[in-house]
Amino acid sequence: QKAIEIDDRLISAKIILGETYEKYNDFDKAMEIYKETLNQSEKFGDKKNTSISTRKIGVIYLSRDREYEKALDYFKRSLELSMLIDDKSLISKALNNIGATYGHQNNDDKEIEYYTRALQVAEGIGDKYNIAFVSNNIGDVYKYKDDLDTALDYYERSLAIREEIGDKHGMGYSLGNIGIVYHDKGDYDTALDYYEKSLAIDEGLGNKRGMSTILGNIGIVYKTKGD
């Protein structure tokens, strides 16, 4: 039993290492690590880490390779394993990933279906981080469908939870999305207000990618206003 616990901790640590490589866009190294952890967790009958590793591999096929069918296959396998061990947090994450993949395939109905299921599971266990994350994703779908009021509702829900749990990175992202909705509504002053709040958070975090995006959005507002 103790040996199994040690193996589990080592696999979990390796997965965190893979996430670090993934964060810095070294997808080859991340994929190598996730395949190692998948093999090791399967060998030890560790269904939780098997599910996590499987889903992580799917994320790389989705985000790096745009191999949507392969990504879906891994996400659905991860979902099955998560349901076997009744790990609601992992179930919610897998459902969210499946929804995102259908979104890339422009299948809005399936995207909303899986996001809604992911949100329901996250709400059922009070997983606030994932509630905020999935709510933001649902907001994205409605924004692209040009249903701006529904998009705004989901973005505001996401922001409120992120403020509650102190997720600064998420707050910056949600504020930026709310700014985009107000821009699309033609309310440029309110859009600027949200963009500036988002920018302040990104500056505090040193999030250069976020700052670049928001500064670009601010520039578009001024150009549209003719200032």
Side-chain angles (χ1 to χ4, degrees), residues 19-28 30 59-68 71 96-97 99-108 111-112 114-115 118-119 128-227:
E19 289 171 343
T20 304
Y21 280 111
E22 192 180 339
K23 181 181 176 182
Y24 290 102
N25 297 320
D26 189 344
F27 295 113
D28 291 338
V59 169
I60 293 178
Y61 280 126
L62 173 64
S63 58
R64 181 191 70 176
D65 302 330
R66 302 287 189 264
E67 292 191 36
Y68 302 132
N96 179 70
N97 288 134
T101 309
Y102 281 123
H104 282 285
Q105 295 178 314
N106 298 314
N107 189 335
D108 293 346
E111 184 180 15
I112 284 287
Y114 276 91
Y115 281 156
L119 183 59
K128 291 183 177 179
Y129 181 87
N130 273 321
I131 294 169
F133 191 82
V134 180
S135 294
N136 185 84
N137 287 349
I138 295 174
D140 285 344
V141 180
Y142 283 109
K143 177 163 66 68
Y144 290 122
K145 287 166 80 78
D146 213 32
D147 184 347
L148 298 179
D149 289 330
T150 305
L152 185 60
D153 179 52
Y154 277 100
Y155 285 149
E156 286 177 339
R157 280 196 236 174
S158 178
L159 175 62
I161 294 167
R162 284 168 165 172
E163 286 176 337
E164 183 187 341
I165 63 176
D167 176 8
K168 292 280 189 184
H169 182 84
M171 285 164 59
Y173 197 70
S174 293
L175 287 163
N177 282 336
I178 292 170
I180 291 169
V181 171
Y182 278 111
H183 177 268
D184 290 349
K185 281 172 165 279
D187 186 346
Y188 302 127
D189 290 335
T190 305
L192 277 174
D193 183 46
Y194 277 96
Y195 286 154
E196 283 162 6
K197 287 176 183 174
S198 176
L199 182 61
I201 289 174
D202 285 337
E203 284 175 340
L205 293 171
N207 179 8
K208 291 181 180 178
R209 181 181 293 181
M211 288 162 60
S212 174
T213 301
I214 292 296
L215 286 168
N217 289 350
I218 290 170
I220 291 168
V221 173
Y222 282 119
K223 187 176 181 182
T224 306
K225 288 178 70 178
D227 291 358

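Numbering starts at 1 and runs along the sequence shown. Keep in mind that this is a model prediction, so the values were computed, not measured.
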Side chain to side chain donor-acceptor pair (under 3.5 Å) partners of Ser158, counting only residues at least two apart: Arg162, Ser174
Which residues share a ring pair (Phe, Tyr, Trp, His ring centres under 6.0 Å) with Tyr194, sequence neighbours left out: Tyr182
Non-neighbouring partners of Lys197 that pass salt bridge (Lys or Arg N to Asp or Glu O under 4.0 Å), sequence neighbours left out: Asp193
Set of ring pair (Phe, Tyr, Trp, His ring centres under 6.0 Å) partners for His104, sequence neighbours left out: Tyr68
Residues that Tyr195 engages under side chain to side chain donor-acceptor pair (under 3.5 Å), provided they are two or more places apart: none
Counterpart residues, side chain to side chain donor-acceptor pair (under 3.5 Å), relative to Asn207 (two or more places apart): Asp202
Set of ring pair (Phe, Tyr, Trp, His ring centres under 6.0 Å) partners for Tyr61, sequence neighbours left out: Tyr74
Salt bridge (Lys or Arg N to Asp or Glu O under 4.0 Å) partners for Asp149, two or more places apart: Lys185
Glu203: salt bridge (Lys or Arg N to Asp or Glu O under 4.0 Å) partners, not counting sequence neighbours: none
Contacts of Tyr155 that satisfy ring pair (Phe, Tyr, Trp, His ring centres under 6.0 Å) - sequence neighbours left out: none
Residues that Thr150 engages under side chain to side chain donor-acceptor pair (under 3.5 Å), provided they are two or more places apart: Asp147
Salt bridge (Lys or Arg N to Asp or Glu O under 4.0 Å) partners of Glu67, counting only residues at least two apart: Lys70
